[in-house]
Amino acid sequence: MAPDSGRPAPGGVILEVDGLTMRFGGLTAVSHVSFTAARGEITAVIGPNGAGKTTLFNCITGFYRPSSGAIRLHRPGGPPAELHGLPGYRIARAGVARTFQNIRLFPGMTALENLLVAQHNKLMAATGFGIGAVLGLSRYPRAEREAIGLARHWLSATNLLDRADDPAGALPYGAQRRLEIARAMCTEPALLCLDEPAAGLNPRESEELARLLLDIRGQGTSLLLIEHDMGVVMTISDRVVVLDHGKLIADGAPAAIRADQKVIAAYLGEGEEDEDLEVEA
Amino acid sequence: MSPAAAIRDAAIAAAVAFGLFAMLVGLRTEIGPQSNLILRQRWAAVAILCAIVFLGRLLITWWLGRRALRPTTAAGPWTARLQQAGRLFAPAMLALALLLPVLPGVGRYELDVGILVLTYVMLGWGLNIVVGLAGLLDLGYVAFYAIGAYSYAIFAQYFGLSFWICLPIAGILAAFWGVLLGFPVLRLRGDYLAIVTLAFGEIIRVVLLNWTELTGGPNGISGIPRPTFFGLPFNASGDPDSFAGFFGLEPSPSHRVIFLYYLIFALALLTNWVTLRLRRQPLGRAWEALREDEIACRALGINITTTKLTAFALGAMFGGFAGAFFATRQAFISPESFTFIESAIILAIVVLGGLGSQVGVAVAALVMIGGFEVFRGLDEWRMLVFGGAMVVIMVLRPRGLVGTRTPSIALGKRRAISGDLVGEGHG
Amino acid sequence: MAYALQQLINGISLGMIYGLIAVGYTMVYGIIGMINFAHGDIFMIGAFVSLITVLLLQAGGLMAGPAAILLVLLVSMAITALYGWSVERVAYRPLRGSFRLAPLISAIGISIVLQNYVQVSQGARPKPMETLIPGGIEVMRDGAFVVQFSYSQMLIIALTLGVLAVFTVLVTRTPLGRAMRACEQDRKMASLLGIDTDRTISLTFVIGAALAAVAGTMYLLRYGVIDFYIGFLAGVKAFTAAVLGGIGSLPGAVLGGLLIGLIETFWSAYFSVQYKDVAAFSILAITLIFLPTGLLGRQEVEKV
């Protein structure tokens, strides 16, 4: 199914991007990109600035409607979900969670509240869609206890348990990044999409982040990330997809990508990025 | 600022004041003997106004210092105290409201003011769901109040239904209109939503004004049935079928007023109870999340349209309840009671109280509406004072009386969240 | 046909008045992102100042000829601009950078204050004024129906176009206009680049109020009766016009004003006078459903 996947993935394919094209007026930001992400793996999308990474990402997570092509989320024991035809909030319900490059928390709500909002659909169903909850009926108290339990789990996984009752907007930058990941994980996604999760983090925080992402993979969630920080990408990714000028130029294991002439050429066009690559190489 | 500079500053202010007042205050247009317009001169009034501005400006710069009139969102000493005493303050107000009819010295007039204040408290709490929690700017809230009032009046008049059957009907109809309005407009953002809701309010009013067969047009509907005590009417007959007769009381006109008072009290408490309860439920949290960041909500799988619609419908429903109450209390309604200024006053109560704060809204309603009633003797001047008070309170406390947000849930202790962090919505 | 032509003339002259007020709304919205709810009442102040000036001139026996009308216009513009400036200084500037609803409530408060101030100082009764510019030219005759293009309508149209032309030059060609546009784009950056943003915003209010004063004078000349309450409805209509055209867009405000004026006039002429406001508001709502940022408004791009 995947055109050039080097090796068979252990759990099969989770995300399939097929001939995706996105045009804005006359500008083609992403052109005929096809790749797959394997279940239980970390797939990274890299590329120089303006390569179309964020556009690709917004198509997958439903913020843009692609001009053509298909995006499918494969689910075990069911037909794949056709993400390109779903409204944004349905994509999240299908099992794709995301974070944002410029953090989008609910700043006036506490960390815990942020994580409970993420479990909205599950909790709403337990309240009998609001009506039962007002009357104090239904299974809501138990559902809420469970939701708090899940929130607690991710708060401690992201090392934020002691900040649970602080407003999200008052947390330091690194903590906000982690909280956003925790919030996305509280939707219990099959696929977690991260938009530059290491941006603005110091080396120690980046390292912590890498550990957190490996931990998430270990718990059975597949990851797709856009990243500039080559250190993070090369150490944790199982598979790297490289975009340049809206086209896919390479797709393979990190080691292979590092040696790929096309990738090096693409990055050499840009001053900063190629240094990162050399450091890692 | 040196005294000389302060005086010069005040003199400039007085000169500006002269420019402002010379024509509009100094020269009054009046219909003359030949029914043409003539001007009457009133320079003393202009002089007094300029002197007031001069002295006022001088006092502000000199005496209080410039910093005294800076807007602040930080908790002032008394807000902090209010919050500390919050656990006591709210129950104390509640107890006072509960006991008001039996307190010594409270007569018919005081109860009427109490009923009026509680009506606005209820309206404020209803609108608070839409503006304070969900962050949707609604400038046409009075439309739902009007729909509730007219629903009650029409159902009671034409079908002879009792208040207790009409009340839910009024609420449901208002909610229905809320959804009907909300459905097409909720994808509008910010000020576009504001103008459409304002337009909706005006449309409803114009329709009520002109659909004479149903609404009586500008004459309104009069003789609306008064509420009964679960079937027992309030009258002076002393029959066993009347309230006084049934309970073996001396018939008294104050029975009905006291009943109305407790009725609106109960309705307001219902609004408060539902709001407080929903705030701790997923739906209420989703409203607040929507106010904070709509895009993030979408990424978390929250259906934005239905979430906004529930806020709209619920807010409208409580507006409708309040409207039905208004109709039964007044026994007469006309479109004049449902002008834009009502929407503006309700919105002002919500914002002055502090968006999302139940106690703040109640205090703001008490201060604004109660204060307004106290100055009844001032006639046309009191609207002037009312508007001025709105400006002054906003300038001094842009975040309202209670500018902080209380978390809906906590692992440890609930701590108030500073208003600077809390969003205000874009819808 | 003749009837329709007459409605067209009436609609355009009414639309011009709405357009002039709408420009004030849209300018203030563009530069500080607030709905200046008191703007309609500023228009009302302008109308009252004009009326008083006319009465003063009549008392002095000077109310004759175009020079007198020009004088009325200038006095009204000056005093109304002072009101615009004071309102901004007292009620809006302290709230700059504060949260969005505070200036809105403050503006509603100012609107209440201005209305009741005029009610207290000038009385609540409507003020009828004798017609200053009588007559007009006969454009067309269809049986008994005469299409009249009155001189006051001509004046409104000519003056509005003139004022808008001057205003357009002001916004596009002068340093002040540049400063205004810079503040509109990014106020913080503009102030870092040495633009006195407070002064620019003050001037925006001054210009907006002066335009409203022109509209107020025109209203007085055309309709001859004013009271303290005319500002509310005219303000709401003009705001509707600004939103219909796309708030923040100056040509949009004029276009929106014209459309609202025409819709109202034609609806009154062919359907029912009572429901003319409903027609105007409904068209606004329908337009916004399909074009959420108005006719000429910039489409907001959702950045993720």
Side-chain angles (χ1 to χ4, degrees), chain B residues 16 19-25 27-31 36-39 45 69-71 73 131 137 184-185 187-192 194-196 198-200 202-203 206-207 209-210 295 340-341 344 347-348 351-352 355 380-381 383-384 386-392 394-395 398-399 419 424, chain C residues 29 35 45 48-49 51-53 55-56 59 79 82-83 86 90-91 94-95 98-103 105-106 108-113 115-125 127-130 232 236 239-240 243 247 274-275 277-278 281-282 284-285 288-289 292-294 300 302 304:
Chain B
V16 170
L20 295 178
F21 299 133
M23 275 200 149
L24 284 173
V25 177
L27 298 167
R28 184 183 166 112
T29 49
E30 277 175 2
I31 313 273
N36 59 339
L37 285 176
I38 53 163
L39 291 171
L69 284 182
R70 274 286 166 74
T73 55
V131 181
L137 183 51
V185 304
R187 67 194 199 103
L188 300 178
R189 292 171 76 83
D191 307 294
Y192 290 93
I195 182 68
V196 175
L198 191 161
F200 175 71
E202 283 296 300
I203 288 175
V206 172
V207 170
L209 200 60
N210 291 303
I295 288 176
F340 167 73
I341 197 73
L347 181 67
V351 177
L352 293 174
L355 287 174
E380 51 192 0
W381 288 85
M383 252 343 243
L384 196 61
F386 185 79
M390 268 165 79
V391 177
V392 171
M394 271 297 101
V395 167
R399 266 281 171 178
E424 46 177 320
Chain C
Y29 187 86
I35 305 172
I45 297 267
F48 264 91
V49 174
L51 173 67
I52 293 169
T53 316
L55 293 177
L56 270 181
I79 304 250
L82 191 63
Y83 271 92
S86 313
V90 170
L95 292 170
S98 160
F99 101 131
R100 183 173 62 106
L101 285 177
I105 299 297
S106 189
I108 292 175
I110 286 289
S111 164
I112 295 176
V113 166
Q115 269 177 36
N116 289 279
Y117 158 69
V118 173
Q119 190 191 354
V120 167
S121 66
Q122 295 291 326
R125 293 175 61 180
K127 311 286 177 191
M129 191 190 73
E130 64 196 73
F232 173 70
V236 170
F239 181 37
T240 307
V243 173
I247 198 159
Q274 288 95 349
Y275 287 103
D277 297 348
V278 173
F281 289 138
S282 306
L284 169 82
L288 287 183
I289 288 163
T293 49
E300 257 176 72
E302 218 172 16
V304 188

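A, B, ... follow the sequence lines: proteins, then strands. Residue 1 opens every chain.
- For B/Val131, the part lying near chain C is the side chain, with the backbone staying farther off; criterion is any non-hydrogen pair under 4.5 Å.
- Minimum heavy-atom separation, C/Lys127 to B/Thr29: NZ-O, 2.9 Å.
- With sequence neighbours left out, B/Val391 forms a side chain to side chain contact (heavy atoms under 4.5 Å, CB included) with B/Val395, C/Ala91, C/Ser106, C/Ile110.
- With a 4.5 Å cut-off on non-hydrogen atoms, C/Ser86 touches chain B through its side chain but not through its backbone.
- Of all non-hydrogen atoms in C/Tyr83 and B/Phe21, the two that sit nearest each other are OH-N, 4.4 Å.
- The contact between B/Val351 and chain C is made entirely by side chain atoms (from C-beta outward), counting heavy-atom distances below 4.5 Å.
- In this structure, the side chains of B/Ile195 and C/Phe281 stay at 4.5 Å or more apart for every pair of heavy atoms.
- Within the 4.5 angstrom heavy-atom criterion, only side-chain atoms of B/Leu355, from C-beta onward, approach chain C.
- Looking at every heavy atom in both residues, B/Leu37 comes nearest to C/Pro128 through CD1-O, 3.1 Å.
- Here the straight-line distance linking atom CG of B/Leu24 with atom CD1 of C/Ile52 works out to 4.5 Å at 0.5 Å rounding.
- Taking every heavy atom of both residues into account, C/Val120 and B/Trp381 meet most closely at CG1-CZ2, 3.4 Å.
- At a 4.5 Å heavy-atom cutoff, the contact between C/Ile247 and chain B is made by backbone and side-chain atoms alike.
- For chain C, the option among B/Val392, B/Val25, B/Ile341, B/Leu384 with the highest count of heavy-atom pairs below 4.5 Å is B/Leu384.
- Separation of atoms CG (B/Leu198) and CD1 (C/Ile35) is listed at 8.5 Å; rounding is to 0.5 Å.
- Looking at C/Ser111, neither its backbone nor its side chain comes within 4.5 Å of chain B, counting heavy atoms on both sides.
- Chain B forms the most heavy-atom pairs under 4.5 Å with one residue out of C/Leu284, C/Val90, C/Leu101, and that residue is C/Leu101.
- Proximity to chain B is absent for every atom of C/Glu130, based on heavy atoms less than 4.5 angstrom apart.
- B/Met390 places a side-chain heavy atom less than 4.5 Å from the side chain of C/Ile108.
- With rounding to the nearest 0.5 Å, the separation of CE in B/Met23 from CG in C/Leu82 is 12.0 Å.
- Most heavy-atom pairs under 4.5 Å with chain B: of the set C/Ile105, C/Val243, C/Val113, this distinction falls to C/Ile105.
- For B/Phe386, the ring pair (Phe, Tyr, Trp, His ring centres under 6.0 Å) partners are B/Phe372, not counting sequence neighbours.
- Side chain of C/Gln122 to backbone of B/Leu27: a donor-acceptor contact under 3.5 angstrom is found.
- Annotation: side chain of C/Gln274 is not in contact with side chain of B/Val206 (no heavy-atom distance under 4.5 Å).
- One distance of note links OH of C/Tyr275 with CD1 of B/Ile203; it measures 11.5 Å at 0.5 Å rounding.
- Only the side chain of B/Leu39 comes within less than 4.5 Å of a heavy atom of chain C; its backbone N, CA, C and O stay farther away.
- Taking C/Leu56, C/Asp277, C/Val118 one by one and counting their heavy-atom pairs under 4.5 Å with chain B, the maximum is reached by C/Leu56.
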